[in-house]
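This report concerns only the one structure given below.
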Number of protein chains: 2
Amino acid sequence: MTRAEEIYQRLRADILNGRHEPGSRLRVEALKEKYGASSGVLREALPRLVGQGLATFAPQQGFRVVTVSPEHLEELTEARVFIETHLVRESVTAGTIEWESDLLAAHHHLARVPFFGDAGEINEGWLNAHARFHRVLLEGCPNRPLRDIATQLREVAEVYRCWARTPTEHSGRDIAAEHKAMCDRAIERDVPGVVEALSRHITITTRLLLDDYRRREEESRQDRGASST
Amino acid sequence: MTRAEEIYQRLRADILNGRHEPGSRLRVEALKEKYGASSGVLREALPRLVGQGLATFAPQQGFRVVTVSPEHLEELTEARVFIETHLVRESVTAGTIEWESDLLAAHHHLARVPFFGDAGEINEGWLNAHARFHRVLLEGCPNRPLRDIATQLREVAEVYRCWARTPTEHSGRDIAAEHKAMCDRAIERDVPGVVEALSRHITITTRLLLDDYRRREEESRQDRGASST
DNA sequence: TTTCAAAAAAATCTCGAGATTTCGTTGACG
DNA sequence: CGTCAACGAAATCTCGAGATTTTTTTGAAA
């Protein structure tokens with residue numbers, strides 16, 4: 001493992017977990033100290049994040065974590081539903097026995113990992129298991145470029161999850177049941193069933209995140225009003 | 001324009017024009033001399049190509065231009081047809097008057113630029129106009145993430161065009177008529193017509209490229225046979 | 001109090017040199 | 001003649017320093 005590779009992985013994980021706030025600057029000087037790497041290494045790792053859509057870059061102004069907005073999230077969700085439903089349809093239709101096994105394994109793992117960590121934060125292990133489950137679900141489809149795109153879009157969407165204040169586990173939602181439904185329908189080769197389950201899974205998450213965002217906007221508006229009077 | 005930005009643009013153009021052969025190594029030492037830049041600048045520009053899918057990277061082994069294969073091209077084409085037909089449907093449905101104007105302008109430009117350059121090579125201006133036309137065609141759709149993905153896939157596909165020995169203009173194909181048909185159907189808001197035209201446009205190009213590839217494989221097999229006897 | 005300009009601080013951009021790893025070559029051995 | 005190991009060349013990886021640009025701070029004037 002090369003130095004730049006390691007730093008890239010850590011930076012990526014830290015963005016996906018919300019340890020770098022969306023829209024915040026990624027100053028090379030600050031990161032040099034935080035990650036214990038030279039500027040050269042960082043200037044090699046950061047462009048890879050840009051290519052993955054997790055960061056942006058402007059000349060003479062450095063790097064930033066990708067910025068979030070309700071409009072972007074809605075567009076992102078629309079794109080994900082479009083691509084992932086297609087992929088899952090192909091995947092369930094063409095998936096082999098090995099794929100079935102992988103899916104069962106991924107779901108079992110996801111079902112056993114706790115959502116919350118010791119500190120009340122979202123457990124990083126759950127995030128990894130969740131990402132793996134969704135990746136494997138689509139892996140029965142042989143089209144590599146499309147699968148890569150789906151993974152890329154999911155990763156950007158992950159930024160929104162960790163940016164939300166209220167974990168999407170709440171709101172009376174049974175996320176484990178949703179995953180179980182997708183897994184079961186997939187194994188049963190119930191194509192319409194799995195498409196429906198995945199589609200709802202994605203849109204429900206987005207709706208909760210948008211509600212969270214609007215609630216936060218409302219509160220900050222009230223705060224501003226209270227402080228200015 | 002920063003130095004790394006400039007080098008990135010030149011590298012990208014050189015790959016898209018076939019001046020760097022698919023699968024060939026991109027040695028930092030060699031590039032340093034060729035582009036007159038330091039290793040630091042190159043190590044910042046190259047990862048951006050990786051993120052765009054135009055290059056690959058392996059630790060301790062450096063960078064390579066993306067490798068090509070018939071299977072990859074077929075998957076790529078399938079993905080493009082899937083995504084671009086969706087986008088063009090949305091685009092033609094939702095496109096504004098400004099979009100119509102942009103499309104007409106882009107088509108006019110493309111129709112006037114010659115396909116071949118003075119040296120008998122594919123004219124770089126044509127490649128740019130062609131890329132612009134296809135981009136504008138889909139730009140009526142407001143979904144930014146999907147448009148970006150379509151552009152990314154098209155760029156990777158461009159590598160295949162310049163890698164082919166026989167330009168896709170040949171084979172009795174009237175590529176200008178295809179573009180005109182797409183443009184006309186789009187302005188007429190003939191959704192099924194434009195979807196059909198775009199779909200055929202993409203698949204025909206791929207078929208010609210695959211034919212070219214198989215012909216080349218056949219010849220090289222004969223050459224090997226002749227040289228070994 | 002607000003506005004504007006100049007100076008200071010900080011960050012980015014660029015470069016070349018040294019340490020480490022990989023790849024090709026040569027030579028000896030079976 | 002084929003295989004394997006050691007040597008040498010080349011490329012990658014990493015780092016810190018200097019030049020340029022941006023941002024912030026400071027202070028004076030309206």
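Just so you know, these numbers use all the heavy atoms, side chains as well, and skip hydrogens, waters and symmetry mates.
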How many Å lie between [atom1] on [X] and [atom2] on [N], as a whole number?
X       : N      : atom1 : atom2 : result
A:Arg64 : C:dA11 : CZ    : P     : 14 Å
B:Leu31 : C:dT14 : CG    : P     : 16 Å
A:Glu33 : C:dA11 : CD    : C1'   : 14 Å
B:Glu6  : C:dC13 : CD    : C1'   : 13 Å
A:Ile7  : D:dC15 : CD1   : P     : 9 Å
A:Glu44 : C:dC13 : CD    : P     : 16 Å
B:Tyr8  : C:dT14 : OH    : P     : 16 Å
A:Arg27 : C:dA9  : CZ    : P     : 17 Å

Would you kindly compare A:Gln61 and A:Val41 by the position of their nearest DNA chain D nucleotide and give the one closer to the 5′ end?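 The residue mapped nearer the 5' terminus is A:Val41.
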Categorize B:Phe57 for me: base, sugar-phosphate, or nothing, with a 4.0 angstrom heavy-atom threshold over every strand shown. sugar-phosphate
Looking at every strand, decide which applies to A:Ala4 at a 4.0 Å heavy-atom threshold: base, sugar-phosphate, or nothing. sugar-phosphate
Evaluate whether atom CZ of A:Arg144 has more than 12 neighbouring non-hydrogen atoms of other residues, nucleotides or ligands under 6.0 angstrom away. no
Can you name the nearest heavy-atom pair linking A:Glu75 to B:Pro142, along with the distance?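 The pair with the smallest heavy-atom distance is OE2-O, 3.0 Å.
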Nucleotide nearest [X] when distance is taken to its side chain, options [options]:
X       : options                : value
B:Arg43 : C:dA11, D:dT12, C:dC13 : D:dT12
A:Ser38 : D:dT22, D:dT14, C:dT21 : D:dT14
B:Glu29 : D:dT12, D:dT14, C:dC13 : D:dT12

Would you mind reporting whether [Y] and [X] have side-chain heavy atoms less than 4.5 Å apart?
X        : Y        : answer
B:Ile149 : A:Leu153 : yes
A:Val65  : A:Leu54  : no
A:Leu87  : A:Arg147 : yes

Does C:dC15 have its OP1 or OP2 closer than 4.0 Å to a side-chain nitrogen or oxygen of B:Ser39?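 For B:Ser39, the contact criterion (side-chain N or O under 4.0 Å from OP1 or OP2 of C:dC15) is not met.
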Between A:Val28 and B:Arg25, name the one whose nearest nucleotide on DNA chain C is closer to the 5' end. A:Val28
